**Q** 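Below you'll find the structure I mean.
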Amino acid sequence: MEFRSIKGTYDILPNDADSWQRVETCVREFITRAGYSEIRTPAFEKTELFTRSVGEDSDVVSKEMYSWTDQGGTDITLKPEYTASVIRSYIQHNLGAKSPLTKLYYLDNLFRRERPQKGRYRQFRQYGIEAIGSPHPEQDAEVITIAYELLVELGIKDITLKLNSIGSSECRNEYRQALKDFLQPHLDKLSETSRKRFDSNPMRILDTKIDFEIVLLQDAPTITSFLTLDDANHFDEVQIYLEALDVPFTLDTTLVRGLDYYNRTTFEIISSKLGAQDALCGGGRYDKLAETLGGKQTPAVGFAAGLERILIAMDEVDTDQKIQADKIYLIGLGDAVRPTMLKILGEARKAGLIMEFDSLRRSIKSQMREANKIGASLAIIIGDKELKDKSVQIKDLKNGQQESIPIDSIISYIKSLN
RNA sequence: GUGGGCGUAGCUCAGUUGGUUAGAGCACCUGGUUGUGGCCCAGGAGGCCGUGGGUUCAAUUCCCAUCGCUCACCCCA
C-alpha cells in the first residue's frame with residue numbers, strides 16, 4: 001500500500017464518527033450550560049508562544065513540537081496545547097476589558113510528535129475550559145467540578161480525581177531546595193534519570209515509578225508543608241468548596257504537572273479503564289501566564305481533557321443506541337422512470353423527508369435488499385406501470401403492506417402517517 | 001529515542017512438523033422464473049500469506065534485514 005495515514009494519526013470512519021458526534025455534542029451542551037463560550041484559535045502559532053509559556057525545558061517544547069520555518073522566515077508550530085493560544089487571543093483582543101471574568105471553552109485538534117501508544121496520538125483532540133480573571137478558590141472548584149461531572153455525565157465509571165497544590169513560585173523554590181537536601185545523601189542510589197532531574201527539575205523525581213524511590217520518597221518533605229499562608233488557605237478553600245459541590249477527591253502530593261505555567265492548584269482525573277496513559281484530563285491554576293505572554297497580570301484556572309481517552313474509557317459503556325430516523329427508500333425500475341424518480345426525490349427532500357435512492361440501476365430485488373439494509377421504514381416503487389397511470393407503490397417495510405397512491409400525493413400521504 | 005508482541009481476504013482469525021489449485025465465520029455481489037426486503041438456499045468476487053534478501057529440488061512456513069501496527073519506558077490529555 002503506497003499511502004496510509006501518518007503514524008500516530010487515524011481516520012474516523014463513519015461507524016466511529018457516530019460516537020464522536022455524541023461525545024462532542026454532550027461536551028458542548030454541558031459546558032455551554034455552565035456559561036462557557038467557545039473560542040477557536042488557529043491551528044498554528046509562533047513557536048515562541050509555546051517556548052515561553054510551556055517552558056523551554058519541558059518535554060513538550062524540547063522534543064514533541066511540530067515546528068518549521070515558513071517561506072517568510074517565521075518560526076511556526078502546530079499547537080501542542082491550547083491554553084497558551086487562548087491567553088494569547090485573550091490579550092490580543094483585550095477580552096478582559098469586556099468583562100472581569102471571561103469563561104471560554106474549546107474542542108479542537110492538537111499535535112505532538114511522541115511515540116504513539118494506547119490513548120496517545122500525534123494528532124489528538126482535546127476539549128478544555130479556561131476561567132480567566134478570578135483569583136479565588138471557588139473558581140478552581142467550579143472548573144474542577146465541570147471536569148468531573150462531565151465525565152460522570154458521559155457515563156464513565158471508575159474515575160479518580162487527584163488534587164494538589166504546588167504553591168507559588170517562591171515557596172516552590174524553597175521546597176525544591178528542601179527536596180534536594182533530603183535526596184542528597186541517597187543520590188548515588190537513585191536512578192540515572194532521577195539523578196539528572198536532581199539538577200534540572202527535582203520535583204519531577206516525585207513522578208518516579210521505581211519501587212525503591214517510591215519508598216524512599218515516602219519520607220520526603222511534601223510541597224504542602226512549604227506553602228505560604230495564602231497558598232495554604234487557598235488550597236483549603238478549594239477543598240471545602242469541592243466538598244460542598246459533592247465532588248470526591250484524593251490529595252496527591254506527588255502530582256507535578258509537566259507544563260511550567262501552573263501554580264497553586266493542580267489536578268488530574270484518571271481512569272482505570274485506560275492503559276499507562278490513564279489521565280483523562282488535567283489542569284490547574286496559572287496566574288502568571290498572561291504576564292509571561294506580555295499581558296496584564298490576570299489570574300486564571302482551567303483544564304484540558306483528551307477526547308480519545310474519553311472514547312476509550314466509554315467503550316466499556318453501552319453506547320450503541322442508534323437514533324433511527326424514518327428513512328424512505330425510493331426504488332425505480334427502468335430507464336423511462338428516471339426523471340420522475342429524481343423529481344420525487346427532490347420534492348421529498350425539500351419537504352423534509354429522509355429519502356435515499358439507488359444510482360446503480362440494480363434489480364428491484366437488490367434495491368429492496370438495500371432498503372432493508374439501511375433500515376428504511378418505507379419503500380416507494382415506481383416502474384413503467386406506475387408511470388403510465390401517475391401512481392407509485394408505497395410499501396411499509398415493517399408489516400409488508402403495500403398500496404398504490406397517486407404520484408402527486410406522495411408527500412401528503414407520508415406526512416399523514418406520522 | 002529504547003524495548004517487548006504481532007503482520008494470512010474488507011473485518012475477526014484458522015492453517016502449513018517446508019511439498020500440488022491457501023481456508024472458515026462475518027461482511028460484500030448475483031441468483032432462487034415474468035416487477036418486491038429481513039430468514040433460508042445456491043453461486044460468485046476478493047489474498048504476490050507486509051516487503052526485500054538468504055538457506056533449499058521446493059518457503060506463506062526456517063534464517064536475516066526492513067517497513068508497518070501495537071503495547072510499554074519517557075512525558076502527557
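Proteins get letters first, then strands, A, B, ... in listed order; numbering begins at 1 in each. None of these values were measured; they are calculated from a predicted model.
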**Q** For atom P, what is the distance between B:rC41 and B:rG47, given to the nearest Å?
**A** 27 Å
**Q** What does A:Asn372 touch in the nucleic acid at a heavy-atom separation under 4.0 angstrom: a base, only the sugar-phosphate, or nothing?
**A** base
**Q** What nucleic acid atoms does A:Gly400 come within less than 4.0 Å of, heavy atoms only: base, sugar-phosphate, or nothing?
**A** base
**Q** Look at the side chain of A:Arg369 and the base of B:rG31, then say whether one donor and one acceptor between them are separated by less than 3.5 Å.
**A** yes
**Q** Base, sugar-phosphate or nothing for A:Arg115? Non-hydrogen atoms, less than 4.0 Å.
**A** base
**Q** Within the structure shown, what part of the strands sits under 4.0 Å from A:Lys385 by heavy-atom distance: base, sugar-phosphate, or nothing?
**A** base
**Q** Testing the 3.5 Å rule here: is there a donor-acceptor pair between the side chains of A:Tyr127 and A:Arg28?
**A** no
**Q** What nucleic acid atoms does A:Ser58 come within less than 4.0 Å of, heavy atoms only: base, sugar-phosphate, or nothing?
**A** nothing
**Q** Checking all strands, does A:Leu397 fall into the base, sugar-phosphate, or nothing category for heavy-atom contacts under 4.0 angstrom?
**A** base
**Q** Closest nucleotide of RNA chain B for A:Lys373 versus for A:Lys395: which of these residues is on the 5' side?
**A** A:Lys373
**Q** Counting only side-chain nitrogens and oxygens, does A:Gln117 get under 4.0 Å of the OP1 or OP2 atom of B:rA72?
**A** yes
**Q** Any base atoms under 4.0 Å from A:Ile381, or only sugar-phosphate, or nothing? Heavy atoms, all strands.
**A** base
**Q** Both A:Ala371 and A:Cys281 contact RNA chain B. Which one's nearest nucleotide lies toward the 5' end?
**A** A:Ala371
